[in-house]
Amino acid sequence: MHGDLFGSWQSAATVVIFALTYAGVALGRLPFFRLDRAGIAFVGAVLMVASGALTLRQAVAAIDFDTIALLLGMMILAAALRRAGFFERITGAVLSRASGTDALLALTVAMAGLLSAVLVNDTVCVVLTPLVLEACRAGRKQPLPYLVALATASNVGSVATITGNPQNMIIGSLSGIGYTAFAGALVPVALLGLPIVFLVIRLLHRAGFEALTAPAASAARRRPHGGLIGKSVVLLVLFVIACLGGMRPAEAALVAAALIMLTPGVKSQRLLAGVDWSLLLMFAGLFVVVAALQREVIGAAVIGRVAALHPGRPAVLVPLTVILSNLVSNVPAVLVLRPFIAHLADPRQAWLIVAMASTLAGNLTLPGSVANLIVAERARAAGVRIGFGDYLKFGLPITVLTIALGTAWLVGLG
């Protein structure tokens with residue numbers, strides 16, 4: 001089965017299912033069907049089992065439950081912070097001090113980057129977008145540059161840790177790189193990248209920074225739950241300390257999630273409602289689809305041919321990761337690179353490069369990352385449009401500069 005790519009109908013069927021699944025995930029839909037990305041990944045996984053590419057037992061074994069558990073735990077913890085009003089309180093305290101253009105932009109970048117380093121960047125964008133819009137409305141400032149700053153800074157900040165974004169979680173689990181080692185290698189990339197976000201946006205949007213083009217709707221305020229905020233923050237700090245101390249991030253996240261659900265007066269179903277179950281299903285489906293492709297198609301011969309191209313070299317791996325991340329999104333890109341990286345001479349260095357490049361590549365275009373789309377959709381609901389060209393003007397130089405910096409850092413580190 002591992003010979004010629006189309007040496008059997010089984011291999012051919014596997015390739016077709018894989019191609020359709022990845023195309024659907026990249027586009028967000030399939031013709032004639034009303035499926036979202038999670039539905040597409042689920043159907044693709046089931047078809048892999050039905051076609052015989054994997055048994056049901058093999059399909060279940062293919063799912064990386066460390067990644068699923070880590071993401072689940074972080075979602076519950078983020079839901080508690082959100083429910084408690086933590087984000088409104090911290091954002092109000094920070095943005096209320098920013099009276100000038102540069103101050104508001106700098107604080108938006110810093111806040112998005114810092115929060116995205118410890119929480120999942122998608123969640124950060126969900127809760128901060130309406131708050132940034134409200135700050136712009138209050139200060140009579142044009143929201144576009146601040147919204148772009150929020151999206152791009154959340155991506156850059158998330159590169160710092162295993163828990164910053166979903167693809168880092170997958171890489172942390174697949175590579176075996178510990179939380180401390182991962183952060184030690186990539187925190188400097190985030191710290192150096194955030195000023196680039198500020199400078200690019202400030203330089204390219206000098207004109208009209210103060211003109212409000214469309215009023216933003218006020219964010220709905222909830223009464224802060226002081227006890228829940230305090231407990232959530234303490235658990236978040238303890239989670240980070242546990243990870244730095246060597247505890248597996250998935251275990252630490254689940255323990256923190258369980259403890260936050262034991263808060264008197266807080267209904268567990270409200271916290272569980274904050275979990276993106278569709279995203280977890282999509283991840284599980286993609287794990288199965290890629291495992292089937294690896295089993296049926298990516299044999300020693302294919303890996304050998306790819307190895308001849310020296311994919312571990314940064315000059316090859318970085319552009320390959322950037323292209324794949326923008327074609328099929330960063331999570332699917334990471335999964336499809338997995339079998340090839342596993343056979344490299346230095347897989348640890350390669351995984352760090354992929355983590356850096358796949359995350360920062362998300363800043364290239366508006367659909368380049370889920371975080372970007374979240375900001376754009378929530379802004380549109382408030383009457384503010386972020387066009388593809390509007391975003392690309394900032395995203396292209398930010399991506400080129402941060403990836404060049406990140407590559408130089410990791411190559412020097414290696």
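What you see is a predicted model; the values in this text were computed from it and never measured. Along the sequence shown, residues carry numbers from 1.
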> Any idea which heavy atoms bring G24 and L30 closest together, and the distance?
Replying inline: CA-CD2, 3.8 Å
>> For a quick test of reading the model, state the closest non-hydrogen atom pair linking S158 to N168 and the distance between them.
In response: O-ND2, 3.1 Å
>> Once side chain to side chain contact (heavy atoms under 4.5 Å, CB included) is applied, do any residues pair with A53, and if so which ones, sequence neighbours excluded?
In response: Q10, T14, M48, S51, A292, E296
>> Among N155, T152, T399, which residue satisfies the side-chain hydrogen bond (donor to acceptor under 3.5 Å, both in side chains) criterion with N363?
In response: N155
> Picking from V148, I386, V384, L150, what satisfies side-chain contact (heavy atoms from CB on, under 4.5 Å) with P143?
Replying inline: V384
> A78 and F87: which non-hydrogen atoms are nearest, and at how many Å?
Replying inline: O-CE1, 4.0 Å
> In Å and rounded to the nearest 0.5 Å, what is the CG to CZ distance from L259 to F239?
Replying inline: 13.0 Å
> Looking only at side chains, do S325 and N330 share a donor and an acceptor under 3.5 Å apart?
Replying inline: no
>> Is the shortest side-chain heavy-atom distance between T180 and C243 below 4.5 Å?
In response: no
> How close do I403 and A361 get, heavy atom to heavy atom, and via which atoms?
Replying inline: CD1-N, 4.0 Å
>> According to salt bridge (Lys or Arg N to Asp or Glu O under 4.0 Å), does anything in residues 177-195 pair up with another residue at least two apart or in another chain? List the pairs.
In response: none
>> As a quick check of understanding, evaluate salt bridge (Lys or Arg N to Asp or Glu O under 4.0 Å) for E377 and R380, giving each step before the final call.
In response: CA-CA 5 Å; E377 286 301 307; R380 183 179 61 82; 2.7 Å; yes
> With a 4.5 Å heavy-atom cut-off, do D102 and R202 have their side chains touching?
Replying inline: yes
> Could you walk me through whether Y22 and V290 pass the side chain to side chain contact (heavy atoms under 4.5 Å, CB included) check?
Replying inline: CA-CA 10 Å; Y22 263 58; V290 173; 3.1 Å; yes
>> Looking at every non-hydrogen atom in both residues, tell me the closest pair between P249 and L70 and how far apart they are.
In response: O-CD1, 3.5 Å
> Given side chains that start at C-beta, do those of L320 and I323 come closer than 4.5 Å, heavy atoms only?
Replying inline: no
